[in-house]
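All residue numbers refer to positions in the sequence shown, counting from 1. Excluded from the calculations below are hydrogen atoms, water molecules and symmetry mates; all remaining heavy atoms, backbone and side chain alike, are included.
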Amino acid sequence: MDIKQVNSAIMFGTWSDIELRSMIDAVKWNRAQLQKQVKRSLSIGDNVNFTSGKTGQNVTGTVMKIAIKYVTVKTVTGMWRVPANMLTLVEEREFA
C-alpha cells in the first residue's frame, strides 16, 4: 500500500472516532521516534540543512544547541529553533 492509498483510505473510509484517534496516536509516536533518532545523530557543531516553513527555502547552518524538542541552528540569516525531525545532516564537503 503506498501513501496515496493510505491517504485515500483515511479520508474516504468509514472509520470510527476511536480508530481515527488510534491512527493519530500512532503517527505522533512515530514522529517522536524519528525526532529522537535525529537528535541522537546530531552533535553541537554539525552542519545541518532544513526547509524554512516561512520562506520555503533550503537553509543550511551549524548546530548550536540540542534541547528537548528543538535544535538551535546558527545560519547566515540568524538563529533558528527547528524541530529535530526537520533537520538533515550535511556532509562537510557539501557545506563548504
Side-chain angles (χ1 to χ4, degrees):
M1 190 179 247
D2 68 354
I3 191 66
K4 289 181 183 180
Q5 292 172 325
V6 170
N7 288 340
S8 292
I10 292 170
M11 290 175 9
F12 305 114
T14 55
W15 304 101
S16 69
D17 187 55
I18 293 171
E19 291 168 327
L20 288 171
R21 286 179 191 269
S22 176
M23 288 181 221
I24 291 168
D25 290 342
V27 168
K28 286 180 180 180
W29 182 84
N30 198 337
R31 278 188 178 160
Q33 297 309 307
L34 287 172
Q35 192 167 20
K36 288 178 186 177
Q37 182 181 0
V38 171
K39 280 177 33 180
R40 281 192 297 261
S41 72
L42 293 176
S43 299
I44 294 175
D46 283 348
N47 297 318
V48 292
N49 189 17
F50 63 95
T51 302
S52 167
K54 295 178 183 177
T55 64
Q57 296 177 333
N58 252 356
V59 181
T60 303
T62 305
V63 174
M64 301 304 289
K65 178 182 174 183
I66 302 170
I68 293 171
K69 286 192 174 187
Y70 296 95
V71 176
T72 303
V73 179
K74 182 179 182 180
T75 69
V76 176
T77 60
M79 301 288 259
W80 294 70
R81 283 184 53 222
V82 184
N85 59 343
M86 290 180 61
L87 296 174
T88 307
L89 197 58
V90 176
E91 297 294 324
E92 288 296 323
R93 54 184 158 73
E94 293 177 27
F95 186 68

Return all side-chain donor-acceptor pairs below 3.5 angstrom for residues 24-34, not counting sequence neighbours, or 'none' if the list is empty.
none

Got a sec, which pairs hit salt bridge (charged side-chain N to carboxylate O under 4.0 Å, His left out) with one end in residues 4-21, sequence neighbours left out?
-> Asp17-Arg21

Salt bridge (charged side-chain N to carboxylate O under 4.0 Å, His left out) partners of residues 34-44, not counting sequence neighbours, each pair once | none

Starting at [atom1] of [X], measure out to [atom2] of [Y] and round the result to the nearest 0.5 Å.
X: Thr88; Y: Asn47; atom1: OG1; atom2: CG; value: 12.5 Å
X: Thr62; Y: Ile44; atom1: OG1; atom2: CD1; value: 11.5 Å
X: Asn85; Y: Lys69; atom1: CG; atom2: NZ; value: 11.5 Å
X: Ile10; Y: Gln5; atom1: CD1; atom2: CD; value: 12.0 Å

Joining Ile, Leu, Val, Met, Phe, Trp and Tyr whenever any side-chain heavy atoms lie under 4.5 Å apart, the cluster holding Met11 also takes in Phe12

Show which residues join Met79 in its hydrophobic cluster (side-chain heavy-atom contacts under 4.5 Å, direct or indirect), or state none.
-> Met64

Under the side chain to side chain contact (heavy atoms under 4.5 Å, CB included) test, which residues partner [X], sequence neighbours left out?
X: Thr14; answer: none
X: Arg81; answer: Tyr70, Thr72
X: Ser52; answer: Lys54, Thr55, Val59, Trp80
X: Asn58; answer: Asn49, Thr51

Does some side-chain heavy atom of Thr75 sit less than 4.5 Å from a side-chain heavy atom of Thr60?
-> no

For Val71 and Ala84, which heavy atoms make the closest approach, and how far apart are they?
-> CG2-CB, 4.0 Å

